[in-house]
Every structure is written in structure tokens, then in C-alpha cells.
Amino acid sequence: MAAVAEHPRPDRTVRGSLRRKEAWAGLLFVLPCLVLFAVFRFGPGLGGLLLAFTDYVPGDVTHFTGLENFRRLVADPLFWSALKVTVVYTVLAVPVGIGASLGLALLTRRAFRGSKLFRSVFFLPVVTSLVLASTVFVWIFSTEGPWSAVMGFLGLPDQSWLSDSVLVLPALALVGIWSRCGYGMLILLARLQDLPAELEEAALVDGAGPVQRFRHIVAPQLRPAFFFLAVIETTNSFQVFDAVYMMTGGGPANASYSLVFQLYDTGFKYFDLGYASAIGCALFVLTVVVALVQRAVLGKEK
Amino acid sequence: MRTRTARLTAAATAVASAFTLAACGGGSDAAGGKATVTTWVYPVINDEKANAAYWSGLEKKFEKANPDVDVKVSTYPWADRDTKLTTALAAGKGPDVAYLIPDQLAAYRRNLVPADEYMPADAKAAYRPSALKAVTVDGRTMATPVLMSAYPLMCNKKVLAAVGADTAPTSWDELAALAPRLKKKGYYAITYSGDTTATLNMTYYPLLWQAGGEVFSADGKQAAFNSDAGVTALTWLKNVTDRGWTPKDLITKTPSIEQTDLAKGKVACTWQNTPAEVAGFWGKENIVIGSALTQQKPVAYGTVGTLALFKGGDTGAAGKWISFVAQPENVAGLVEPGGYFGARTDGTDLYPGDALQQATQKVLDSTDVGPLNTAARDVMGVLAPEIQSALLGKASPKQALDKAAAAADQIIARKR
Amino acid sequence: MAPTTQAPAAPVEPPSATTGPAPVRPGRRRTTAPEAPAGLRPTRTGKLVRAVLLALASVATLFPFYAMVVLSLHPQGAVELPGSLFPWRLTGEAYTEVLGARDVPRWLFNTVVYSLVSVVGVLLLASLAGYAFAKKRFPGRETMFWSFLSMVMVPYHVTMIPTFILISKLGGVDTYWGLIVPTLANAQAVFLMRQFILGLPDEIFEAARLDGCGELQIFFRIVLPLLKPVLATLGTFVFLWHWNDFLWPLIVGQSAEMRTLTVGIASLQQEQVPLNQVLAGSVIAFVPIFSAYLVGQRYFTEGVVGSAVKG
């Protein structure tokens with residue numbers, strides 16, 4: 001420790017006891033957290049893995065069932081359907097969401113009168129619980145709600161999107177984007193503000209149009225932020241639950257029955273906790289794989 | 001193998017086992033020598049204040065007569081009630097007494113003390129046979145019936161009048177004959193809620209029964225709803241949906257009633273609602289009570305509400321409390337606000353001169369409470385989405401029902 | 001525990017987390033961009049296009065809020081377009097109903113307890129641990145820290161079921177402690193605290209130690225006050241997570257008395273309570289967060305930026 005050198009150097013034994021005291025203090029300070037983590041994070045993490053190999057149902061005799069839950073998982077059409085729903089939702093919500101974030105960031109990038117207000121407005125859904133928002137979105141997307149009215153006006157499908165097995169995911173994705181894109185906007189804005197104006201001015205002098213300036217100067221600057229957002233938003237989308245629970249209950253015809261919803265349903269409606277844990281494991285593996293793929297594809301330059 | 005399993009289980013619940021305190025069975029702890037009877041009820045009385053007043057009134061009355069018993073009544077929401085109850089039982093925080101309906105009796109039978117063990121004989125003789133039959137599982141009376149209800153076909157007089165009809169249709173064919181004329185005038189013939197959280201007992205099963213089908217095979221070991229009768233019922237329902245005879249957005253989610261076409265007076269008939277629910281919107285004078293709809297046979301859904309006694313607490317005190325609530329003069333306050341009917345014949349007529357209620361009461365004999373199978377609720381979970389899928393044209397009725405039946409058979413096998 | 005599904009403004013692990021101990025300072029940041037240089041200033045048409053787009057985006061963003069408030073202030077009945085969206089014939093009847101006959105006040109109280117206790121708990125535990133990880137040398141420090149951090153990678157849903165079993169065995173179902181305690185193990189908070197404290201100069205602590213301060217005194221008298229900025233931003237987020245948390249309270253809270261606002265409102269919707277009352281409940285749940293956002297917007301936005309963009 002460099003700092004210690006500035007003080008008169010205590011002799012060896014004193015230093016040793018100080019060391020020991022420091023170590024004890026450190027351990028004691030970490031202890032509460034450590035206990036909590038052991039009991040509520042590491043333990044359950046391991047427990048979740050082990051449970052997946054049993055047929056645990058509360059109040060019943062539990063058997064070790066080996067890979068049975070995973071065999072069942074692979075053969076379960078509902079699991080594959082839930083996986084598909086989750087992936088489709090993510091593919092719909094994440095790119096469009098990041099696009100929307102970029103749009104908002106570019107729009108509010110420069111200071112002008114009211115620019116701060118606009119940013120606050122766009123960030124507002126981020127602090128709003130999706131459960132609360134869903135109570136009004138259910139109405140917005142109902143047959144006689146405003147969304148159907150607008151769609152009808154534009155000549156697009158004007159039935160209740162939530163009752164349509166194809167349109168239900170776009171509807172949920174829209175809600176997800178509404179709730180998340182203010183977050184992406186802020187992340188991108190922060191990055192944009194570190195971009196020296198001189199660079200863009202120089203490009204301007206060289207006769208670069210707005211599209212070229214964006215491609216060659218702004219986009220490279222934003223790349224790490226895009227990567228970061230892609231990871232965060234994908235992880236989030238993979239865990240879509242609140243809006244599904246509130247707005248569709250997984251329907252119609254399981255068209256919005258997502259992985260986490262299946263996990264909840266299996267675990268807390270049927271109390272098939274062993275199988276639910278297997279679904280949890282699948283979700284974990286999936287999250288990790290997707291993160292690694294993203295890192296390989298998007299994070300190449302880093 | 002057993003020991004290994006046991007050890008594994010212990011490991012699986014991870015740190016749990018290390019810290020596990022003896023799971024405290026039942027919710028009753030003897031505080032100061034007093035027996036506590038925790039009771040879970042649901043908003044049978046819809047008005048929350050009235051509900052609270054009713055139960056606290058009974059509580060006081062009972063505790064006065066039984067000073068050594070402390071009754072605690074809490075009201076839970078209807079939604080997710082099985083989840084809550086199962087979780088609480090698993091956690092050793094379950095109630096001593098709960099309001100259950102018949103198919104739950106089958107599901108929780110291992111946790112219950114049969115009513116045979118505490119129901120006074122003279123009280124038992126007073127019950128309607130249909131009520132007792134509905135609570136009998138494997139030959140044992142599992143709980144004490146407290147109320148009954150019936151859901152005959154109910155129609156809106158104004159809407160019927162628009163096409164020149166004045167009585168409710170009695171069969172599928174009569175309804176289907178009326179439907180195109182209603183549609184021409186801008187009305188829906190019926191309303192059907194496909195919400196996966198709605199109970200099929202009230203939505204699809206009546207059609208199945210009317211077509212002569214059953215949900216489970218006679219031995220309860222297999223799903224039977226994919227029979228010809230089941231296909232007939234779902235095909236008819238799909239036809240109704242495809243032709244626009246029912247509001248389509250109810251297929252996924254049921255909104256609050258005042259937002260529905262039913263409340264807006266755009267629907268002719270329903271077998272999924274009570275007069276009390278629609279009276280405020282239609283006007284009581286516009287309600288027409290029909291009979292149980294029929295195809296092969298007339299059947300309507302009807303519930304029997306019961307109070308069931310859970311193991312683990314002071315069963316003597318709890319049994320006394322149940323029998324106390326079930327007495328006609330005490331139960332009347334629970335039965336009447338929702339327009340239900342007493343389960344006993346020794347009570348006074350609650351609705352003298354009320355034509356609607358008298359008409360509904362007639363249907364009590366042709367009601368079905370829903371299948372009493374341990375897996376009944378779980379099977380609904382796999383069947384409801386498949387019904388949605390057939391109604392949306394993603395699968396034929398036969399395909400959808402077969403797919404659901406295959407899944408249901410697996411569930412039944414696991415539950416046994 | 002991570003927030004269940006909606007972790008919008010959570011201070012997340014920065015991409016640099018594994019590359020080095022770059023201290024994250026959610027301190028004051030430049031939030032306003034400089035006026036654009038002359039050449040880059042938008043033209044008149046550009047300004048017009050921007051104004052139109054901003055107006056459209058704002059309407060899309062704000063419409064659900066507007067509808068929520070206006071419909072909650074309408075008398076019970078079928079919603080009709082566009083009539084019901086106009087702010088007239090307003091009445092507070094839904095609010096009277098929701099606050100009187102329903103359990104909403106109790107849920108509000110539960111949510112406040114859940115959020116506030118968790119904030120205090122998380123901040124205290126995380127700052128203690130973060131301080132030790134940053135400034136104390138003790139055996140196993142690195143292993144412990146990285147194993148803490150690795151738990152950020154495990155989705156919450158994987159540990160949820162065993163946690164629930166554990167809590168139910170311990171008798172914590174339907175209790176405040178069962179709701180709160182498992183959420184106190186917050187890896188992100190520990191990480192952020194450590195990163196912040198790493199950036200504080202050692203001299204301060206050394207000087208205090210030489211002045212004869214005990215370890216706890218140093219922590220409470222010197223470390224905590226220095227942490228004020230990060231406590232404020234982190235606290236805001238932890239509060240927000242808990243306020244909006246849904247899945248865990250849904251599972252642990254059993255009775256009507258133990259629901260939080262989100263769970264309660266979900267139950268109102270499921271019980272098909274009239275729409276104006278459900279929305280009134282939503283507004284009641286939203287107002288406290290909205291007020292906090294109006295007052296402390298800086299903390300919300302700075303936390304997001306400060307914790308996410310480094311690297």
C-alpha cells in the first residue's frame with residue numbers, strides 16, 4: 001500500500017497485529033453479506049440444479065429421477081413452443097427497441113429548448129412498473145380500444161391484437177419497447193455526449209452528409225453501447241413475464257406462453273417443482289449461450 | 001434406494017434442510033390454551049364490507065358460545081386460489097377450515113378430515129341429496145355443503161325482442177336458429193370466455209355434458225373429453241365463433257364486466273353469468289331465465305360451496321365451527337347476497353316472490369358441479385389453451401382435443 | 001436477488017466489469033449537451049421534422065399514462081372512444097371505492113415496507129462488504145468477491161424455486177421477513193459499492209486509523225459519509241426495483257393482507273373489478289414513484305449512465 005509509506009513505519013509486530021486486525025475487520029464486514037449469499041444465492045443456485053434431477057412435489061415423497069426431467073423437457077411440445085415464443089418476442093423487441101432508443105437519442109441529442117423535458121418524458125416508462133402499465137395496455141389493445149381504432153384507420157388488422165395468435169407477440173413487444181426504450185436512449189445519449197463535436201465538424205467540412213456522418217463517426221462511437229444494450233435487452237426479453245401474466249395469461253392458444261411463464265405455471269400452479277427447476281436450468285444455459293454468441297458476433301472489435 | 005433418495009432430497013432443498021425448523025402443521029397454535037381456528041374464505045359475498053361484516057358477526061356469535069375457541073376468518077381472492085392454498089399447505093401455514101368447491105375436495109382429499117367425522121346426523125339428513133352427492137369422494141362425505149348455485153341459460157329480454165323472440169332458447173339448435181337473425185340486428189347470440197384462468201366448469205364443460213360427454217373416463221384414469229361428444233361440442237362452439245355469433249376478444253382475456261358486450265346489452269344469452277351480475281346493466285325486468293341448455297341432455301353448471309376441515313389443527317373446535325356456520329339461520333347471510341341457494345331443505349325460502357330465483361332454483365336438479373378428479377384443475381390448464389387454438393382455427397377441434405387429452409393423460413398418470 | 005422481470009433502470013454490470021477495476025463513479029455528470037456547433041445546427045426543415053417526430057414519440061409515450069389517469073377518473077361504465085378520453089364528467093368515485101372497500105391502503109403500506117427496508121438493508125450490507133472488498137486485506141477476498149459477482153450471471157428464476165422452498169420451510173411465507181430477506185443478497189450493489197470505494201484515497205482511512213478510530217467508527221464516521229452520492233443513486237434504484245417487483249411478492253405473499261401494490265393490482269384485474277377501479281389502483285401505485293422521479297430525476301438518470309457506460 002503506497003499510502004502507508006507516507007506515515008512513520010510501525011514496527012513489525014505492531015504491523016502484524018494490525019494486519020490481523022484488518023483481516024478480522026474485513027471478514028466481519030463481509031460476513032453478513034456472505035451468509036445471505038450462501039443461504040439465498042449459492043444454496044438455491046445449487047439447489048435449483050439438484051432439484052432438476054428429482055420429482056419434488058411439496059408434501060410428497062421425493063425420488064431421484066436422474067435425467068428424467070430433461071428427457072421430458074426435450075419431448076415436451078409446450079417447452080419448445082415456449083422457447084419459440086420467447087425467441088420470437090426477443091427478436092421482435094430487442095432490435096426494434098434499440099432502434100427506437102437510437103431514434104430518441106438522436107432526436108434529443110442536441111440541447112434545445114425543452115430537450116431535457118423530452119428526455120424525462122421518454123424515460124418515464126422505465127420507472128413505471130409493467131404490471132401497472134399492463135392494466136391500461138389491456139384496454140388499449142382490446143377490440144374497441146384505441147390501438148384497434150388506429151390500426152383500422154391505417155388499414156391494418158383491427159381486431160384485438162391480444163386475441164390473435166400471430167399479433168399477440170408484436171403487441172407484447174410493443175409494450176416491452178414502450179417500457180424499455182427510454183433506458184436505451186439514456187445509455188446512447190451518454191455515449192454520444194462523449195463524442196467530440198470537432199470530429200463531426202471536420203466531417204462536415206469534408207462534405208459528408210448526415211447519413212455518412214452517422215455511419216462513419218456516430219455509429220462507431222456507439223458500438224460498445226449497442227453491444228451493451230443488446231446483451232442487457234436480450235437477457236431482459238428472455239425473462240418476459242409481467243406483461244404476459246397481466247395481459248394474455250400465455251394465450252391465445254399458448255401463443256404468448258413464454259419460458260418464464262412456463263416456469264411459473266409449472267412451479268406454482270402445478271407444483272411440479274422438479275420439472276420447473278429443469279426449465280430454469282434450460283433458461284440459464286440459454287441465457288449464457290446467447291450472451292456468448294452476442295459477445296462473439298457483436299463484440300468482435302472490442 | 002430409499003435412503004439415497006432421502007439424502008438427495010435433503011441435498012436438493014439445499015440449505016433448507018440444514019435450517020429447517022419442524023414445519024408447523026396446520027395454522028393453529030394454541031395461544032393461551034385457546035384453540036385457534038383459521039378459516040379461509042373467498043368473496044362469496046362480493047361486497048367486501050358486507051363480507052367482512054358477515055364473517056365477523058358470525059365469529060363473535062360463535063366465540064360467545066364457545067369462549068375457548070378463537071376463530072380467525074380471512075378472505076382471499078378467487079384468482080389463483082389453488083396456488084395459494086397449496087403453497088400455504090406446503091409451508092405448513094394452511095388453514096384449519098376453508099371454503100372449497102367439489103373438485104377441490106378431490107384434489108385436497110389427503111389433507112382433509114371427512115365431514116362424516118363431525119357432521120351431526122340430524123344435519124346430514126337435512127341436505128339436498130344432490131348437494132351431498134357433489135361432495136362425496138370415494139364414498140365419503142368430504143365437506144359440509146353451505147350453498148348451491150345454478151347457471152341456467154339467461155337471456156336479455158330486450159335483445160330477444162329485437163328479433164321477435166320472447167323466451168330463452170332451450171337447445172343448441174334453437175340458439176343457432178336465432179343467432180343469424182341476432183347478428184343481422186347487430187347482436188351477439190352468446191358470450192364465451194376463453195380466458196385460460198376461467199374455469200372450464202362454467203364455460204366449455206356444460207357444452208360437453210350437454211352433448212353427452214364427460215371430462216374423465218369413468219375410472220378417472222383417462223381424459224374423455226376428446227370423445228365424439230367433445231368434438232361435437234367444440235365444433236359447435238367454433239362454428240358460433242367463426243360466424244361472429246360471440247364477441248371474439250373474450251377468447252384470450254376476460255375484461256371487467258362493465259366493459260363487455262354483455263354489459264353493454266349487445267349479447268342475447270349467456271350460461272356463464274348470474275342474474276346478480278347483469279341486473280345492474282340490463283335492468284332486472286329484462287332478465288329471462290331459461291332452462292339448462294340441451295343437445296343430448298339438459299345440463300347446467302352449478303356449484304356446491306362447502307366448508308372443509310383440514311388436518312393438523314384442533315379438529316374438534318373446527319368441526320364445531322363448521323357445523324355452526326352451516327346452520328340455516330347462520331348461512332343465510334352468506335347465501336342470499338349472491339343469489340345462491342341453501343344446501344339444506346330445512347331453511348326458509350330465501351327468495352319468496354322472486355320469479356328469477358324461483359326459475360333458477362328449478363335448475364338445481366340438472367346441475368353438474370364439474371369432475372371430481374385429483375387432476376381436474378391441472379387438466380383445465382392443458383385443455384383451455386387447446387380450446388383457444390381450435391377457436392382461432394390453428395387446429396381442428398379433433399386435433400386440439402386429442403392433443404389436450406394426450407397431455408392430460410400424462411398429468412393424470414403423474415398425479416396418481 | 002435481481003429484479004424479476006423488469007429491471008429497467010437497474011445499475012447493471014458495466015461491460016468493463018471483467019476487464020479491470022475502473023472505478024465507477026455515479027457522481028455528477030454532464031447531462032446537457034452543448035449547443036450544436038454552427039455547422040451542425042439543424043435547418044428550419046430539420047427543426048420542423050424533429051419537432052414533429054418528438055411530438056409523435058411523446059404522445060406515444062404519454063398516452064398510456066393519460067388514459068390511465070382519465071379513465072380512472074370516469075364513473076364506472078363501459079369505455080367509449082373517443083368520448084371517454086376527454087377529461088370531463090370526472091369523479092373520484094373509483095378512488096373512494098379503491099381506498100375504502102379494497103385493501104389498497106394496506107398494499108401501499110406493504111410496498112413501502114418492502115421497498116424501504118430493502119433499501120436500507122441492501123445499502124448497509126453492500127457498503128460494508130464493498131468497503132471490505134475494496135480496502136481490507138483478508139484471506140479469500142478475491143475468491144469471495146468474484147463468486148459474489150458470478151451470481152449476477154445466474155438468472156433470478158433459476159434460484160427462485162429453491163429460495164421459495166427454503167423460505168416456506170423456514171416459515172417465511174406470507175411474512176415481511178420472508179419477502180425481504182432473500183432480496184438483500186444483491187450482487188450488483190456489492191459490486192458497485194466496491195468499485196466506488198476503490199476510487200477513494202487510502203490516506204483518509206489510514207489517517208483515521210492512526211487517530212485511534214475503531215473499524216466500525218471508521219466505517220460509520222468516514223466511509224458512509226463519503227458514499228453519499230453512490231448511496232443516493234443506488235438507493236433510488238433498489239427502491240425502484242422493489243417498488244415494481246412482481247414475481248417474488250406474487251409467490252411469497254399469500255393473503256390479501258400481505259400483497260404488495262403490483263400483486264394487489266394484478267389481483268384486482270383478475271377478479272374483474274371495474275376498470276376504473278383497477279386503473280385508480282394503478283395510479284395510486286404510480287404516484288409515489290412519479291413524485292420521486294420528479295424530485296430526484298438526477299439520481300435515476302445519473303445512476304443509469306454512471307453505472308452502465310464506462311468502458
Side-chain angles (χ1 to χ4, degrees), chain A residues 38-40 42-65 72 76-78 138-139 141-145 148 159-166 168 246-257 265 268-275 277, chain B residues 1-2 4-16 18-19 80 82-84 86-87 89-92 110-111 194-198 247-253 255 259 261 264 375 377-378 381-382 384-395 400 403 406-407 410-411 414-415:
Chain A
V39 178
F40 293 110
F42 302 132
L46 191 67
L49 189 64
L50 288 173
L51 264 183
F53 294 94
T54 69
D55 61 355
Y56 182 81
V57 171
D60 220 333
V61 188
T62 305
H63 305 97
F64 174 71
T65 54
R72 197 175 138 199
D76 186 353
L78 195 56
V138 169
W139 169 73
F141 282 111
S142 67
T143 311
E144 287 172 29
S148 302
Q159 71 267 42
S160 161
W161 279 32
L162 296 178
S163 295
D164 187 285
S165 53
V166 176
V168 65
M246 291 296 290
M247 294 171 66
T248 68
N254 292 332
S256 62
Y257 197 85
D265 230 22
F268 296 98
K269 195 164 153 200
Y270 302 136
F271 283 91
D272 203 346
L273 295 176
Y275 189 48
S277 296
Chain B
M1 186 64 204
R2 258 298 140 80
R4 200 172 132 219
T5 307
R7 216 179 303 140
L8 250 159
T9 316
T13 49
V15 202
F19 291 90
D80 277 340
D82 282 308
T83 306
K84 305 266 179 244
T86 316
T87 331
L89 288 171
R110 274 187 243 162
N111 306 83
D195 194 324
T196 46
T197 57
K248 261 193 183 142
D249 53 348
L250 295 191
I251 289 176
T252 317
K253 191 88 189 167
Q259 307 300 333
D261 292 306
K264 291 176 192 161
R377 293 271 154 182
D378 305 296
V382 293
E386 290 306 326
I387 291 175
Q388 290 180 337
S389 139
L391 295 183
L392 291 170
K394 288 185 76 190
K403 200 173 158 204
Q410 285 180 16
I411 291 177
R414 272 203 300 279
K415 283 257 162 180

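Order of the sequence lines fixes the chain letters, A, B, ..., with proteins taken first and strands second; residue numbering starts at 1 for each chain.
Between atom CG of residue Asp82(B) and atom CZ of residue Phe268(A) there is a gap of 15.0 Å, rounded to the nearest 0.5 Å. The distance from the OG atom of Ser160(A) to the CD1 atom of Ile251(B) is 9.5 Å, given to the nearest 0.5 Å. The line from OG1 of Thr143(A) to CG of Leu250(B) is 8.0 Å long, rounded to the nearest 0.5 Å. Remark: Gln410(B) CD to Arg72(A) CZ distance equals 7.5 Å, nearest 0.5 Å. For the atom pair CH2 of Trp139(A) and CD of Gln259(B), the computed distance is 9.0 Å after rounding to the nearest 0.5 Å. In this structure, CG on Asp55(A) lies 10.5 Å from CZ on Arg414(B), to the nearest 0.5 angstrom.
At a 4.5 Å heavy-atom cutoff, the contact between Phe271(A) and chain B is made by side-chain atoms alone. Proximity to chain A (any heavy atom under 4.5 Å) is restricted, for Lys394(B), to the side chain, taken from C-beta onward. In this structure, no portion of Asp76(A) lies under 4.5 Å from any heavy atom of chain B. In this structure, chain A has heavy atoms under 4.5 Å from both the backbone and the side chain of Thr86(B).
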Show your working on salt bridge (charged side-chain N to carboxylate O under 4.0 Å, His left out) between Lys269(A) and Asp378(B) and close with a plain yes or no.
CA-CA 8 Å; Lys269(A) 195 164 153 200; Asp378(B) 305 296; over 6 Å; no
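Interface check for chain B: of the options Ala52(A), Ser165(A), Ala255(A), Gly250(A), the most heavy-atom pairs under 4.5 Å are formed by Ser165(A). The greatest number of non-hydrogen atom pairs below 4.5 Å with chain B, out of Val138(A), Leu49(A), Asn254(A), Asp164(A), is found for Asn254(A).
Residue-environment remark: NZ (Lys403(B)) stays at or below the threshold of 12 foreign heavy atoms within 6.0 Å.
A pairwise comparison of heavy atoms in Leu392(B) and Pro252(A) identifies CD1-CB, 3.3 Å as the closest pair.
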